[in-house]
Amino acid sequence: MDTAVGRLVREEMVRARDEFSAGTKRTLAERAAHFCSNPHCLKLTAGPHSDPEMSLRTGHAAHIHAASTNGPRYDRAQAPEQRKHISNGLWLCRECGDVVDKDTSPHDPDLLRRWKIDHEALIAEVRTRGYAESLKLLQTRRQAPQLAKDIVAEFEDHRALWQTFDAEFPDRVRQSLDRLRYRLVDLRKGLPQGTELDHLLLSMTKTILSFFVQVERMDLAALRCDGFDPNWMHFRDALATLRKSIGLQLFGLCNSYGVVPTGELAGIMPQFASPD
């Protein structure tokens, strides 16, 4: 093909893409709090640049249904306005965006919509009064260092928070998280109501209860790792969302009180996505 003709074809393909507006991209990023929406990913997609006057952004607004005819999950029934609408987008880090576009079989539109809904619900929970109060830990220093260490130690004792998914037995996960929930309740008993650590423990307990609600209709005793079983996939994603939420909360706790978590527990805490 002639170079000039090829260039015109490429330019026409770019023009044919139904891209999100700058405002839509910004809103998707803010609704996700600049975290990747994949429940199995902990990457933060905004942060400081080495230049003190600059910042880094390493995420992007991904299309659920492709923006052009040759893209993944393209839906011919959609109008251009629907492809560009915020309801057709979710916020992902660049690595996850690349994966879901190149491996479309497991990453269908329903899965991506569920990722978006669950992640935005997680962020909304973070912004509720109870959890917002717990974030004051980021501004406090050494108020109760021993209790902070005790809380982290409790989480380090529960492998359900970092064990690989294919090694998990769902009913053991349920039992482990149930024991952890009761232990968090016990830790709260010695705290004045309304303190920062009280709010944090309450928020963690609610996070575990939310997981139980999501899997309550499943027979966890019989459920096993099976990538073709919708119940297993739902259980896996619900557990990943719980780990992500707990990781966010423990990150604030450890930073505030100078607690160093084990390698396994640190693995569920936020990481900054490196630029391309």
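Just so you know, these numbers use all the heavy atoms, side chains as well, and skip hydrogens, waters and symmetry mates. If you read the sequence from its start, that first residue is 1, and numbering goes on from there.
- In this structure, the side chains of Ile123 and His119 come closer than 4.5 Å at one or more pairs of heavy atoms.
- Minimum heavy-atom separation, Ala77 to Gln82: O-OE1, 3.9 Å.
- Side-chain heavy atoms closer than 4.5 Å link hydrophobic residues (I, L, V, M, F, W, Y) into clusters, and following such links, possibly through other members, connects Leu197 to Ile208.
- Expressed to the nearest 0.5 Å, how far CG of Asp118 lies from CD of Gln214 amounts to 5.5 Å.
- Between Asp198 atom CG and Leu147 atom CG the span is 10.5 Å, to the nearest 0.5 Å.
- Rounded to the nearest 0.5 Å, atoms CD1 (Ile151) and CD (Gln249) are 10.5 Å apart.
- A pairwise comparison of heavy atoms in Leu44 and Thr58 identifies O-OG1, 4.0 Å as the closest pair.
- Residue Arg57 holds its CZ atom at 10.5 Å from CZ of Arg26, rounded to the nearest 0.5 Å.
- Partners of His63 under the ring-ring contact (aromatic ring centres under 6.0 Å, His included) rule, at least two apart in sequence or in another chain, are Phe20.
- In terms of hydrophobic clustering, with Ile, Leu, Val, Met, Phe, Trp and Tyr side chains grouped at heavy-atom distances under 4.5 Å, Phe169 and Trp162 are assigned to different clusters.
- Considering every non-hydrogen atom in both Gly59 and Thr45, the closest pair reads N-CB, 3.5 Å.
- In the hydrophobic clustering (ILVMFWY side chains linked at under 4.5 Å, chained through shared members), Phe228 stands by itself.
- For Ser245 (side chain) and Thr241 (main-chain N/O), no donor-acceptor pair under 3.5 Å exists by modelled atom type.
- Formation of a donor-acceptor pair under 3.5 Å by the Glu156 side chain with backbone atoms of Leu265 is not found in this model.
- Residue pairs meeting the ring pair (Phe, Tyr, Trp, His ring centres under 6.0 Å) criterion with at least one partner in residues 33-55, sequence neighbours excluded, are His40-Phe165.
- Judged as a side chain to side chain donor-acceptor pair (under 3.5 Å), not a single pair has a partner in residues 217-232 (not counting sequence neighbours).
- Here the shortest heavy-atom pairing between Cys36 and Cys93 reads SG-N, 3.4 Å.
- Checked by atom type and distance alone, the side chain of Ser21 pairs as donor or acceptor with a backbone atom of Thr24 at under 3.5 Å.
- Pairs of residues two or more places apart, or lying in two chains, that qualify as salt bridge (Lys or Arg N to Asp or Glu O under 4.0 Å) and include a residue from residues 77-87 are Asp18-Arg83.
- Side-chain contact between Phe155 and Ile268: absent, with no pair of heavy atoms (C-beta onward) separated by less than 4.5 Å.
- With respect to Asp98 and Arg94, no salt bridge is recorded, no charged nitrogen being found less than 4.0 Å from a carboxylate O.
- In this structure Asp110 satisfies the salt bridge (Lys or Arg N to Asp or Glu O under 4.0 Å) test together with Arg113, sequence neighbours excluded.
- Between Leu223 and Val215 the shortest side-chain heavy-atom distance does not fall below 4.5 Å.
- To the nearest 0.5 Å, the span separating CZ on Phe251 from CE on Met269 amounts to 8.5 Å.
- Pairs engaging residues 233-259 under the salt bridge (Lys or Arg N to Asp or Glu O under 4.0 Å) rule: Arg114-Asp237, Glu168-Arg243 [sequence neighbours left out].
- Rounded to the nearest 0.5 Å, atoms NE2 (His199) and CG (Leu201) are 11.0 Å apart.
- What you find for Gly247 and Pro270 is that their closest heavy atoms are O-CD, 3.7 Å.
- In this structure the side chain of Pro109 reaches within 4.5 angstrom of the side chain of His65, judged on heavy atoms.
- The side chain to side chain donor-acceptor pair (under 3.5 Å) analysis of residues 172-184, with sequence neighbours excluded, yields the pairs Glu154-Arg183, His158-Ser176, Asp171-Arg174, Asp171-Gln175, Asp178-Arg181.
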Mind running side chain to side chain contact (heavy atoms under 4.5 Å, CB included) on Val152 and Cys254 for me, showing each step along the way? CA-CA 8 Å; Val152 173; Cys254 290; 3.8 Å; yes
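- Other members of the cluster containing Leu90 are Ile64, Leu92, Val100, Leu111, Leu112, Trp115, with ILVMFWY side chains joined at under 4.5 Å, either directly or via other members.
- Judged purely by atom type and a 3.5 angstrom limit, Lys25 has no side-chain atom pairing as donor or acceptor with the backbone of His60.
- In terms of heavy-atom proximity, Val173 sits nearest to Leu239 at CG1-CD1, 4.1 Å.
- Residues Leu28 and Arg31 form no side-chain contact, since every pair of their non-hydrogen atoms from C-beta on lies 4.5 Å or further apart.
- Transitive grouping of hydrophobic side chains (ILVMFWY, heavy atoms separated by less than 4.5 Å) brings Phe212 and Met233 into a common cluster.
- With sequence neighbours left out, Asp157 forms a side chain to side chain donor-acceptor pair (under 3.5 Å) with no residue at all.
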### Message
If you apply the rule side chain to side chain contact (heavy atoms under 4.5 Å, CB included), what do you find for Val185 with Arg188, and how did you get there?
### Response
CA-CA 5 Å; Val185 171; Arg188 282 190 69 210; 5.7 Å; no
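- Listed by first and then second residue, the salt bridge (Lys or Arg N to Asp or Glu O under 4.0 Å) pairs that reach into residues 251-260 come to none, sequence neighbours excluded.
- Counting only residues at least two apart or on different chains, no ring pair (Phe, Tyr, Trp, His ring centres under 6.0 Å) pair has a member in residues 73-103.
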